[in-house]
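Below is one structure, written out as structure tokens, with a few remarks after it.
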Protein chains: 2
Amino acid sequence: MIDPDGMTPVYRQVADLIAAQIERGQLPPNRPIPSETALMQDFGVARGTARRAVRELRDRGLVATVHGRGTYVLPR
Amino acid sequence: MIDPDGMTPVYRQVADLIAAQIERGQLPPNRPIPSETALMQDFGVARGTARRAVRELRDRGLVATVHGRGTYVLPR
DNA sequence: CTATATTTGTGCGTATGTATG
DNA sequence: ACATACATACGCACAAATATA
């Protein structure tokens with residue numbers, strides 16, 4: 001899944017994988033993506049890396065984060 | 001009790017102490033272990049650390065957590 | 001039924017230390 | 001020196017589930 005020694009940073013790899021799941025509809029609009037803790041376990045990355053991946057998705061306009069609730073897939 | 005500068009992480013020290021109490025029967029089956037807030041005070045750690053210790057115990061199959069209720073010692 | 005308190009779940013921000021490229 | 005990444009740990013805020021007054 002994740003290639004730690006690849007040319008692209010791990011956080012972007014994680015972001016790309018989640019983005020792909022959103023495109024496929026595996027993560028439907030208005031539904032939450034996995035929590036930071038879940039992402040850590042799912043991809044085997046540190047918290048900082050997971051958070052950075054989510055931030056990437058926010059910057060791309062794919063998701064929106066709500067404090068205390070989670071990060072949700074935006075409708076498109 | 002807890003050695004913050006020891007080789008073993010604080011969260012595992014806390015988990016081990018609770019596990020020992022379970023083994024001794026001081027924390028009986030089907031009864032709740034102390035809440036996260038209580039663990040913070042008892043061991044002088046942050047909530048994140050207390051939560052991580054509880055998570056360790058879950059991963060070891062010693063306890064089960066119910067949202068809004070607490071974490072209970074599993075029968076064995 | 002409403003309100004409050006307790007407890008867990010999630011997220012934000014930051015800090016320290018280590019290791020690698 | 002710098003960026004990336006891991007691991008640990010602190011503190012705080014808001015949300016959700018549960019129980020109780």
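Only a predicted model underlies this, so the values are computations on that prediction, with no experimental measurement involved. In what follows, chains are A, B, ... by sequence order, proteins preceding strands, each numbered from 1.
Counting distance only, with no hydrogens placed and no angle test, the side-chain atoms of A:R47 and the base atoms of C:dG13 include a donor-acceptor pair under 3.5 Å.
Salt bridge A:D16/A:R60: present, at least one basic N to carboxylate O contact under 4.0 Å.
Rounded to whole angstrom, the span from the CZ atom of B:R51 across to the P atom of C:dG11 amounts to 11 Å. With rounding to whole Å, A:Q41 atom CD is found 15 Å from D:dA7 atom C1'. Rounded to whole angstrom, the span from the CG atom of A:D5 across to the P atom of C:dT20 amounts to 12 Å. Counting to the nearest Å, the P atom of D:dA3 and the OH atom of A:Y11 are 11 Å from each other. If you measure from atom CD of B:Q13 to atom C1' of D:dT8, you get 12 Å, rounded to the nearest angstrom. Distance, B:R69 CZ to D:dT20 C1': 14 Å, rounded to whole Å. Distance B:H67 NE2 to C:dT8 P: 9 Å, rounded to the nearest Å. Spacing between atom CG of B:L39 and atom P of D:dA9 amounts to 15 Å, rounded to whole angstrom units.
Residues B:M40 and B:Y11 do not share a hydrophobic cluster, clusters being chains of Ile/Leu/Val/Met/Phe/Trp/Tyr side chains in contact below 4.5 Å. One hydrophobic cluster, built from ILVMFWY side chains closer than 4.5 Å, holds both A:I2 and A:V54.
Residue-level contact check: B:T37 touches neither bases nor backbone, having no heavy atom under 4.0 Å from any strand. Among the atoms of the strands shown, none is found under 4.0 Å from any heavy atom of A:R55.
With both pairing distances under 3.5 Å, D:dA1 is matched to nothing as a Watson-Crick or G-U wobble pair.
Put simply, the side chain of A:E36 never gets that close to the backbone of A:A50: no donor and acceptor are under 3.5 Å apart.
Checking the phosphate oxygens (OP1, OP2) of D:dT4, no side-chain nitrogen or oxygen of A:T49 falls inside 4.0 Å.
Out of C:dG11, C:dT8, D:dC6, the shortest distance to the side chain of A:E36 is found at C:dG11. Side-chain proximity of B:V10 to C:dT8, D:dA9, D:dA7: nearest is D:dA9. In the set C:dT8, D:dC10, D:dC6, D:dC10 carries the atom at the smallest distance from any side-chain atom of B:V45.
In this structure, CG in B:L57 is found 5.5 Å from CD1 in B:I22, a value given to the nearest 0.5 Å.
Of the two residues near DNA chain D, A:M40 and A:Y72, the one whose nearest nucleotide lies more 5' is A:M40. Take the nearest nucleotide of DNA chain D for A:G48 and for B:G44: the residue whose nucleotide is more 5' is A:G48.
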